[in-house]
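As the structure lists them, so they are numbered: ligands from 1, and atoms in each ligand from 1. Worth knowing before you read on, the calculation uses all heavy atoms, side chains too, and leaves out hydrogens, waters and symmetry mates.
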Amino acid sequence: MTIIQSQQQAVLTLTLQRPDKKNALSSSMYLALTDALQQAELDPSVHVVVLRGQENCFCAGNDLADFVAAGALNAEHPTVMFLHALSHFSKPVVAAVAGLAIGIGTTALLHCDLVYAAPGCRFQLPFTALGLCPEAASSLLLPKLMGHQKASQYLLLGEAFDSEEAYRFGLVNQLVAADQLFALAAQKAQQLAALPLEAVVQSKKLLRQPQQQMVQQVLHQELAVFEHLLHTEACQQALHSFFNRSKS
Ligand code: COA
């Protein structure tokens, strides 16, 4: 089981649980997350979803092994299904981030509603170094959050940034000590869950609606470019280098 589900009152918590691979998201994890979100969407007993990893790792991004033999990034692809489910999810999603948040570990946060992080996290979007391009509509949402130049620093140069920086530009709501992170995220989620559900759902819709069409459009444009780049020599070479790197 690499996605653990647990429900306390009206809060469903989804925990990424693949610590030996730094919670890199495999196809089966994307499918489990998608299924959980789809069920939570329909389940009136769920008002809020919490997304988390462990105290030392949120997510090291897409499982790079799946990029090696990538098929078409169409609507049936597990990553695409997850992005669709997350970006259309009508109830609030609260993320609790500690340790690593790489690739989709960071871009997924752009689709969450509240993000709490432990100090000293490493956020990174190393798409270009992998011969790839932004995904999850991050080429739209990241510059919107921090401006073009900062977004270029992270999406073109692929520089890492820390929790303090993520807090400064508004990706993160609050920094909280790692040993209190999950308790705080759970508390905020319960606070949200206690509010009238329809008012919260309608409010989230109003917050997201002005850019929803653009988000979906950009998300699909990115996928087309991403699919093309996956098959380039630069990308396959970068993947080969990752899996054949020497470890100190
Ligand atoms: N896909 C597949 N496997 C991954 C992975 C990923 N995204 N991230 C980590 N892993 C695996 C490693 O291959 C390793 O497996 P192994 O023990 O069987 O060799 C294990 O997780 C631990 O990773 P390791 O690299 O030894 O840990 P580290 O603490 O030295 O470094 C990272 C952690 C995340 C910085 C490093 O693993 C990394 O750069 N991963 C790739 C991140 C990435 O590019 N994600 C995709 C963005 S689009």
In the protein, which heavy atom is nearest to [atom], and how far is it?
atom	result
atom 6 (C) of ligand 1	Ala24 CB, 3.5 Å
atom 14 (C) of ligand 1	Lys247 NZ, 3.6 Å
atom 38 (C) of ligand 1	Phe242 CE1, 3.6 Å
atom 48 (S) of ligand 1	Phe127 CE2, 3.6 Å
atom 9 (C) of ligand 1	Lys21 O, 3.8 Å
atom 20 (C) of ligand 1	Asp20 O, 3.2 Å
atom 35 (C) of ligand 1	Arg122 NH1, 3.7 Å

Worksheet entry | Heavy atom of protein closer than 4.0 angstrom to atom 29 (O) of ligand 1 | yes
Fill in: Sub-4.0 Å protein heavy atom next to atom 18 (O) of ligand 1
yes
Is there side-chain contact between [X] and [Y], with at least one heavy-atom pair below 4.5 Å?
X	Y	answer
Asp63	Leu25	no
Pro92	Val200	yes
Glu227	Leu223	no

Quiz question: by atom type and distance under 3.5 Å, do the side chains of [X] and [Y] form a donor-acceptor pair?
X	Y	result
Tyr154	Glu165	yes
Glu41	Ser90	yes
Gln153	Gln149	no

Item to complete: Give yes if a backbone or side-chain nitrogen or oxygen of Leu64 is under 3.5 Å from a nitrogen or oxygen of ligand 1, and no if not.
Response: yes
Discussion item. Pairs of nitrogen or oxygen atoms closer than 3.5 Å, one from Ala60 and one from ligand 1: do any exist?
Written reply: yes
If hydrogens are left out, which of [options] has an atom nearest to [atom], that is, the closest non-hydrogen atom?
atom	options	value
atom 32 (C) of ligand 1	Leu100, Asn23, Thr106, Leu25	Leu100
atom 7 (N) of ligand 1	Asp63, Asn62, Asn56, Asp66	Asn62
atom 25 (O) of ligand 1	Arg245, Gln124, Lys22	Arg245

Worksheet item: Under a heavy-atom criterion of less than 4.0 Å, does Glu135 contact ligand 1?
Response: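 No heavy atom of Glu135 comes that close to ligand 1.
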Fill in: Heavy-atom neighbours of Tyr167 OH exceed 12 at 6.0 Å
no
Discussion item. Using a 6.0 Å cut-off, check whether atom NZ of Lys144 has over 12 heavy atoms from anything other than its own residue.
Written reply: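 Open: at most 12 neighbouring heavy atoms sit under 6.0 Å from NZ of Lys144.
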Worksheet item: Is there a donor-acceptor pair under 3.5 Å between the side chain of Thr13 and the backbone N or O of Val50?
Response: no
Worksheet item: Is Asp113 salt-bridged to Lys204, cutoff N-O under 4.0 Å?
Response: yes
Practice prompt. List every atom of ligand 1 that sits less than 4.0 Å from any heavy atom of Ile102, numbering the atoms from 1 in the order shown and giving each element.
Written response: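 Atoms satisfying the 4.0 Å criterion: 34 (C), 42 (C), 43 (C), 45 (N).
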Practice prompt. Heavy-atom contacts with Leu130 under 4.0 Å: which atoms of ligand 1 show up? List them by number with element.
Written response: 44 (O), 47 (C), 48 (S)
Worksheet item: Hey, what do you get for CD (Gln236) to CG (Leu229), rounding to the nearest 0.5 Å?
Response: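 Between Gln236 CD and Leu229 CG, I get 11.0 Å after rounding to 0.5 Å.
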